[in-house]
Number of protein chains: 2
Amino acid sequence: MHSLVEENYLKALFALSKDKGSVSVNDLSKHLNIKMPTVTNMMKKMAFKKLVHYESYKPLILTKKGKKEAALIIRKHRLTEMYLVEKMGFGWEEVHNIAEQIEHIKSPKLFAKMAELLDYPKFDPHGTPIPDINGEMEWKAYSKLSECKPGDMVKMAAVINTTDEFLKFLNRREIHLGLKIKIKSVEPFDNTMVVKYKNHLEETLSNTVCKRLLVERF
Amino acid sequence: MHSLVEENYLKALFALSKDKGSVSVNDLSKHLNIKMPTVTNMMKKMAFKKLVHYESYKPLILTKKGKKEAALIIRKHRLTEMYLVEKMGFGWEEVHNIAEQIEHIKSPKLFAKMAELLDYPKFDPHGTPIPDINGEMEWKAYSKLSECKPGDMVKMAAVINTTDEFLKFLNRREIHLGLKIKIKSVEPFDNTMVVKYKNHLEETLSNTVCKRLLVERF
DNA sequence: GTATTAAGTTAGTCTTAACTAACAAATTAG
DNA sequence: CTAATTTGTTAGTTAAGACTAACTTAATAC
């Protein structure tokens, strides 16, 4: 398998290539606090291992294999964070550093167990998606309802933080997966949204709620 | 702090010096699967860090500091094993390799939380003691009742695996900490013990029970 | 009590992953 | 469109932690 160091390069490459799809040696160097020549060397090594496409003076692009491996590390990181918060009583601000270390543990069983105990979550409580065991996350296109604008037409795709309380709240308002929602207006002061769906012609949703609803735009 | 590699040397030194109080370079080399010259070099480095007393051609002895650091790693290992079994539902045979990795995690908070959730255990379910946060384990002299011989006089020192069931069992027989027990005989077939204490002149204890009672000989 | 064997050390090499200094290519500015 | 700046690469060095080969000290055997 890969060294701890390589895993950190993979994670950084994955994170930084989110938007453009590629990363410059310079950005990677800054993000990792590692000097550029070291990064160049490492990229050659990782290219040999088919983790990244590397050509002199060209932007770095993760291979399919590299993306998958990165996603699996991120999976371990997010599962750990969630486990620490939900099952051990840590605060969110405390868990990042611990997860940063535990994500490198080599034990499929450990993370399978965490996933099981957390009921196979697809999103962490911040709405950040958790890659599955194959490193897949098709959800890529989802956004939070709270990030949509008036006039947008969206379809309910997933719910973050599925507590009983919250699910009951959604049931009472007949909000369910697949539901088509139109955003009528957004209150600029507290970001409360007024939305329309089915026979609910004017339903008001707080920002707290909107941040927990993941939708697909169309 | 120390590197993962140094931590493994510390653990091995601690484990191997259990009886004699010192270790040969050769034993350490075999135990770690690392060649002798490498071990010698490492010992010099660790001597400089005041973790071990090193003199050419002499046995290796952990310093007080080295012992403490080793005990703290073992604490992390045992807490992890226990946590994985008791709180996550792993079997004992699965946890060693995971604990071997997690013991190197740098996060006092994580292990403090494990200890808290496990109710500050002093022994794991095998009766192996867990060092406290200062690396102390005074209990050194304790042995399992099951390891004693007929004629031995012992004093109850600690109980392993303190489930409600087991504590009730002990209460019913008036067995408690500090109790003086004399071993009358041991059934060679199943290691059942016949013991005498207070006004219980002939109490029979199964091997399962005897393995869970830690006693002090005198 | 010397000879043999086992244990320990010294010296030199290798790999990984970092660094600096110096140079080359690409980008941006005028 | 050339000059200056930024970005990227090459070459050579370093530290940690492993190795082998060769040598030395200590232990054991006869």
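Residue numbers begin at 1 in each chain, while the letters A, B, ... track the order of the sequences.
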[atom1] of [X] versus [atom2] of [N]: gap in Å, rounded?
X       : N      : atom1 : atom2 : value
B/Tyr54 : C/dG8  : OH    : P     : 9 Å
B/Leu32 : D/dC19 : CG    : P     : 10 Å
B/Asn26 : C/dA6  : CG    : C1'   : 8 Å
B/Glu55 : D/dT25 : CD    : C1'   : 15 Å
A/Leu60 : D/dT7  : CG    : C1'   : 12 Å
B/Leu28 : C/dA7  : CG    : C1'   : 13 Å
A/Met43 : D/dT10 : CE    : C1'   : 17 Å

- Message: Could you walk me through whether B/Lys49 and B/Glu69 satisfy the salt bridge (charged side-chain N to carboxylate O under 4.0 Å, His left out) test, starting with their C-alpha distance in whole Å, then the side-chain angles of each, then the deciding distance to 0.1 Å, before giving a yes or no?
- Response: CA-CA 12 Å; B/Lys49 288 191 175 188; B/Glu69 310 246 357; over 6 Å; no
- Item | A/Val154 side chain reached by A/Glu216 side chain, heavy atoms, under 4.5 Å |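 They are not in side-chain contact.
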Among [options], the one nearest [X] by side-chain distance:
X       : options                : value
B/Lys44 : D/dC19, D/dG8, C/dT10  : C/dT10
B/Ile34 : D/dA18, D/dG8, C/dA7   : D/dA18
B/Tyr57 : D/dT25, C/dT20, D/dC19 : D/dT25
A/Pro37 : C/dA21, C/dT9, D/dA18  : C/dA21
B/Lys35 : D/dG8, C/dG8, D/dC19   : D/dC19

- Task: Assign B/Thr38 to base, sugar-phosphate, or nothing according to its heavy-atom contacts below 4.0 angstrom with the strands shown.
- Result: base
- Query: If you look at every strand shown and take non-hydrogen atoms under 4.0 Å, does B/Lys58 touch a base, only sugar-phosphate, or nothing?
  - Reply: nothing
- Heavy-atom nearest nucleotide on DNA chain C taken for A/Asn41 and for B/Ser56; more 5' hit belongs to B/Ser56
- Message: By nearest heavy atom, map B/Leu4 and A/Asp27 onto DNA chain D; which one lands nearer the 5' end?
- Response: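 The residue closer to the strand's 5' end, by nearest nucleotide, is A/Asp27.
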- Item | N or O in side chain of A/Thr40 less than 4.0 angstrom from D/dT9 OP1/OP2 |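 The answer is yes; a side-chain N or O of A/Thr40 sits under 4.0 Å from OP1 or OP2.
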- Task: Indicate whether OP1 or OP2 belonging to D/dA16 is found under 4.0 Å from a side-chain N or O atom of B/Tyr9.
- Result: no
- Ring-face cation contact, B/Phe90 with A/Lys113, 6.0 Å cut, 45° max: yes
- Taking NZ, NE, NH1 and NH2 as the nitrogens, is one of them in B/Asp152 or B/Arg217 under 4.0 Å from a carboxylate oxygen of the other?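 Here B/Asp152 pairs with B/Arg217 in a salt bridge, since their nearest N and O are under 4.0 Å apart.
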- Residue A/Lys155 excluded, over 12 heavy atoms near NZ under 6.0 Å: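 Atom NZ in A/Lys155 is not crowded, with 12 or fewer foreign heavy atoms closer than 6.0 Å.
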